Number of protein chains: 2
Amino acid sequence: MPVTQADVARRAGVSQRTVSNVVNKFPHVSADVVARVTEAIEALGYTPSHAARSLRLGRSGLLQLVVPELDVPYFAELARGVVKCAEERGFGVMVRQTLGDRERERDALEGPAAEHAEGTILSAVGSIEDILATGRGRSPVVLIGERTGMGLVDHIGIDDTAAAAEATRHLVETGRRRVAFIGADPADSLRMAELRLRGYEQALTSAGLPFDETLVVRTRSYHRKDGEEAMAALLALGPDRRPDGVFCATDLLALGALRTARTSGVAVPTELALVGFDGLEEGEYSAPTLSTVAPDKAEIARVAVETLLARIAARAGVEDEPPAQDLLIAFDLVVRESSRAV
Amino acid sequence: MPVTQADVARRAGVSQRTVSNVVNKFPHVSADVVARVTEAIEALGYTPSHAARSLRLGRSGLLQLVVPELDVPYFAELARGVVKCAEERGFGVMVRQTLGDRERERDALEGPAAEHAEGTILSAVGSIEDILATGRGRSPVVLIGERTGMGLVDHIGIDDTAAAAEATRHLVETGRRRVAFIGADPADSLRMAELRLRGYEQALTSAGLPFDETLVVRTRSYHRKDGEEAMAALLALGPDRRPDGVFCATDLLALGALRTARTSGVAVPTELALVGFDGLEEGEYSAPTLSTVAPDKAEIARVAVETLLARIAARAGVEDEPPAQDLLIAFDLVVRESSRAV
DNA sequence: TTGTACGCGTTATCAT
DNA sequence: ATGATAACGCGTACAA
C-alpha cells in the first residue's frame with residue numbers, strides 16, 4: 001500500500017539510491033534525473049517513511065514536552081513557545097501531561113517515550129532527584145521552572161526568590177504593612193512555591209516587618225479556585241488581623257483572590273493590594289487589572305529548546321559533554337491597578 | 001551505543017526471538033527464561049527502539065493535533081483533553097501550531113508529519129476543501145470546530161448556529177432591543193464565525209428585530225484585543241445608536257469588550273448585556289462574570305480521539321470504510337452576571 | 001517452547 | 001554521477 005523509494009526508482013528507471021539522493025538533495029545529481037525522479041514522486045505520491053529514516057539515522061526529529069496541565073495559561077504559553085521554536089528548527093514536539101502525578105512524570109522520563117524523543121523539556125512539579133539520578137545514558141533533559149537541575153541537568157528559569165522579593169518589596173513600598181503570601185503548599189507535598197516564599201520572607205525581613213505564619217496560606221495547587229479559597233481564609237482572620245497586601249505565587253491564584261475580595265466587598269487596591277506571578281494576559285483584562293511578576297516566557301521557551309538541541313548535538317559528537325547549566329532569564333515587575341499606591 | 005535485543009539475548013543466553021517474546025509478553029515463555037531475560041534487560045538498560053518497531057509494524061503510535069494557537073484558552077483546553085484521552089489509549093500526541101497560517105495548515109496535512117502520525121485532529125481556520133480533496137490515501141483526518149467535513153472527513157463540533165441563536169434569543173428575552181455581534185471577519189478572509197453570525201441573524205429575525213449591519217463588527221481574529229477594539233467601535237456609534245446587548249463569537253472577544261465597557265464607564269449588564277462563546281473558566285472570574293455558550297470541550301476532545309482511532313482501525317482492516325460523520329456535541333448556555341435581566 | 005532467517009524503507013559504503 | 005549491497009532493530013513465518 002505505501003509507496004517506497006523502490007517504486008519510485010522503478011518508474012523513473014533509476015536505482016533506489018538515486019531516488020534517495022534526490023529526496024535528500026544530494027548535490028551531484030544530473031538535472032534530467034532529478035526531473036524524472038521528481039515526476040515519479042509526484043505521480044506515485046511518494047512520502048518518505050519517517051520510521052525507516054529514524055531507524056537508519058538514529059534520530060527521530062522529535063522532542064518531548066512534559067507539563068502538568070496544558071490548559072493552565074502559563075504552561076500553555078510555554079507550550080506555544082516550545083512548539084514554535086522547535087518547529088522552526090525542524091523538530092516535532094510530543095506533548096505529555098502529568099496532571100501533577102509523579103508517576104506520570106517518571107513515566108515520561110523513563111518510559112519508551114523518553115527514548116523515542118531525542119530529548120525532553122520538563123516542567124516538573126514533584127521532586128525528581130531520584131529520577132534524574134537514574135537517568136544516566138538516557139536522552140537529555142532540560143528542566144523548566146522552579147525546580148533546579150542540581151548540577152545534574154540543564155535548567156532554565158528565572159530568579160524566583162529575587163522576583164518574589166521584588167514583588168513583596170513593591171507592596172511594602174506602597175505602604176502595606178501586613179503582607180500575606182498565597183501559594184506555598186502543604187508541608188510534605190509538592191514544594192511548589194518554596195523559592196517564592198523565601199523571597200517573600202527575605203523582603204519582609206529586609207523591610208523590618210515580621211514574618212507572620214498566619215499570613216502564609218498554603219494551597220494544594222495553583223488554580224483560581226485555590227486562590228479564591230485562600231483569600232477567604234485570610235479575610236476570615238477578622239478586620240484587624242487581615243492583610244492589607246497579598247503576594248500570590250501565581251496569577252491564577254491572584255485572580256481567584258481578586259474574586260473573593262470583590263464578592264466580599266473588599267476594595268482593591270485601596271483596602272487590599274494584590275500582586276501575582278506569571279505575567280498572564282488575563283491580568284491585563286481583569287478588574288482591577290493585576291500587578292504581576294512577568295517572566296519572559298517566550299525567551300524561556302526559546303532558550304530551553306536551544307539548550308536541549310545543543311546538548312543533543314553534544315551527545316551525538318564524541319566530545320565530552322559540557323557541565324549542566326542553570327540559565328536565568330529576565331523578568332519584569334509589571335505594576336497595574338491592583339497594587340497602585342493608595 | 002544503544003543496547004538492542006541482540007545484546008540482551010547474548011547476555012541471557014537465548015535467541016533474539018525470545019527477547020522479543022518477553023518484551024511483547026508473548027504467552028508461551030517459560031518462567032525462568034522470562035526471569036533471565038528480564039534480568040538482562042535491567043542490567044543492560046535495554047529500551048525498545050520505537051523507530052524499529054514502527055517500521056516493522058507500520059504504526060507509529062502517534063497522533064497529530066493541529067491548532068492555531070496553543071495559548072488560546074479554548075485550544076489549550078482542547079489540547080488537554082486530546083492529550084489526556086490519547087495517552088489513556090496508548091497514543092502519543094504531536095502538537096503543531098499553525099498560527100492561523102494556511103501554509104502551515106497545509107503542511108501539517110500534506111507534509112511528512114502527516115505520514116508520520118497515524119492520524120490528525122485538525123482545528124482549521126482556513127478553508128480546506130482543496131487540501132481534503134487531495135487527501136486520498138493519506139492518513140485519516142478528524143475536523144474539530146466550526147469547519148465541517150463536507151462529507152469528506154469526520155467532523156466533531158457543536159451546532160454553532162443553534163447555539164448562537166440561543167445566546168442571541170437570551171439577550172432579546174432579557175429586554176435588549178439593539179443586539180450587536182462581534183466576531184465575524186473581514187469579507188474574503190477567514191470565515192471564522194460565519195455559522196455563529198447566521199444563528200445571531202436567525203434569532204433576531206425570529207424575534208421580529210431588524211438585522212442591522214452597523215451592529216455587526218468584523219474582527220481579524222478572536223483575541224481579547226480584537227474584542228476591545230470592536231466594542232470601542234460600537235460605543236463610538238453614539239448614545240442612541242449604541243447596542244444594549246452584544247453577542248461575541250468567543251469569550252476572549254467578550255472579555256475584551258468587557259474591558260472597553262468598563263474603561264468607558266458603560267455599566268454591564270444594566271446598560272449593556274454581554275454573552276460570549278466557549279465556556280472559559282476565565283469568564284467565571286471576570287467582573288462581572290461572563291455569560292457564555294459552553295460546549296462540552298472535554299467530550300469534544302474525547303469523541304475526536306475515539307473517532308480518529310476508529311477510522312484508523314477501519315482503514316487498517318480490509319473492510320471498506322464507513323462514510324464520514326458529522327458528530328454534534330452538547331452545549332450549554334451559562335447565564336452569569338454579564339447578561340442578567342435588568 | 002525456542003531458534004533461524006527474512007524483510008520493513010532508508011541511508012551509506014564501495015565500487016564503477 | 002549512479003548502481004549494487006549492507007546495515008539499522010525489531011517482529012514473525014517457518015522450522016525444530
Side-chain angles (χ1 to χ4, degrees), chain A residues 1-38 40-41 44-62 90 112-118 137 139 316, chain B residues 1-38 40-41 44-62 90 112-118 137 139 316:
Chain A
M1 193 61 188
V3 34
T4 79
Q5 287 189 346
D7 299 326
V8 175
R10 206 168 308 123
R11 186 181 215 274
V14 298
S15 92
Q16 185 198 343
R17 152 79 200 259
T18 304
V19 177
S20 176
N21 281 344
V22 172
V23 169
N24 299 342
K25 311 206 194 311
F26 188 70
H28 308 293
V29 200
S30 69
D32 71 318
V33 168
V34 171
R36 282 220 311 283
V37 170
T38 309
I41 287 179
L44 268 42
Y46 164 78
T47 323
S49 153
H50 188 95
R53 171 173 290 169
S54 341
L55 176 58
R56 185 62 237 243
L57 262 36
R59 313 187 305 101
S60 67
L62 249 42
E115 209 58 19
H116 183 198
E118 294 186 44
S139 63
Chain B
M1 194 63 191
V3 33
T4 79
Q5 287 188 345
D7 300 325
V8 176
R10 206 168 307 122
R11 185 180 214 277
V14 298
S15 90
Q16 183 206 336
R17 153 80 202 255
T18 305
V19 178
S20 175
N21 281 344
V22 172
V23 169
N24 298 342
K25 311 205 193 311
F26 187 69
H28 309 294
V29 199
S30 68
D32 72 317
V33 168
V34 170
R36 284 222 309 285
V37 170
T38 310
I41 287 179
L44 268 42
Y46 164 78
T47 324
S49 153
H50 187 96
R53 173 172 286 169
S54 340
L55 177 58
R56 187 63 239 252
L57 262 37
R59 314 187 304 99
S60 66
L62 250 42
E115 209 59 19
H116 183 198
E118 294 186 46
S139 65

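No experiment lies behind these values; they were computed from the predicted model shown. No hydrogens, no waters, no symmetry mates; every other heavy atom, side chains included, goes into these values. Naming convention: chains lettered A, B, ... in sequence-line order (proteins, then strands); numbering from 1 in each chain.
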### Bend angle of the helix from dT1(C)-dA16(D) to dT16(C)-dA1(D), end axes from five pairs each (to 10°)
40°

### Task
Apply side chain to side chain contact (heavy atoms under 4.5 Å, CB included) to V19(A) and V22(A), showing your working.
CA-CA 5 Å; V19(A) 177; V22(A) 172; 5.7 Å; no

### Query
Earliest and latest nucleotide of DNA chain C, 5' to 3', sitting under 4.0 Å from a non-hydrogen atom of chain A?
dG9(C) to dC14(C)

### Query
Between atom CZ of R11(A) and atom CZ of R36(A), what is the distance when rounded to the nearest 0.5 Å?
12.0 Å

## Note on the structure
Heavy atoms of T4(B) and D7(B) approach each other most closely as N-OD2, 2.8 Å

### Query
Is the closest side-chain heavy-atom distance between H50(B) and S54(B) below 4.5 Å?
yes

### Task
Identify the heavy atoms of S139(B) and E118(B) that sit nearest to each other, and give their distance.
CB-O, 3.6 Å

### Summary
Checking L44(A), T38(A), V37(A) against I41(A) for side chain to side chain contact (heavy atoms under 4.5 Å, CB included), the one that qualifies is V37(A)

### Side-chain heavy-atom pair R56(B), L55(A) within 4.5 angstrom cut-off
no

### Query
Would you call the rings of H116(A) and H116(B) parallel, tilted or perpendicular, where under 30° means parallel and over 60° means perpendicular?
perpendicular

### Query
What's the shortest heavy-atom distance between P48(A) and R53(A), and which atoms?
CB-NH2, 4.1 Å

### Query
What closest approach, in Å, do V3(B) and Y46(B) show between heavy atoms, and which atom pair accounts for it?
O-CD1, 3.2 Å

Write out a two-atom table: protein N or O, nucleotide N or O from nucleotides 8-12 of chain D, distance below 3.5 Å.
| from | atom 1 | to | atom 2 | distance (Å) |
| --- | --- | --- | --- | --- |
| dC10(D) | OP1 | Y46(B) | OH | 2.5 |
| dC10(D) | OP1 | S49(B) | N | 3.2 |
| dC10(D) | OP2 | Q5(B) | N | 2.6 |
| dG11(D) | OP1 | N24(B) | ND2 | 3.4 |
| dG11(D) | OP1 | R53(B) | NE | 2.9 |
| dG11(D) | OP1 | R53(B) | NH2 | 3.0 |
| dG11(D) | OP2 | Q5(B) | NE2 | 3.1 |
| dG11(D) | OP2 | S20(B) | OG | 3.1 |
| dG11(D) | N2 | R56(B) | NH1 | 2.8 |
| dG11(D) | N3 | R56(B) | NH1 | 2.3 |

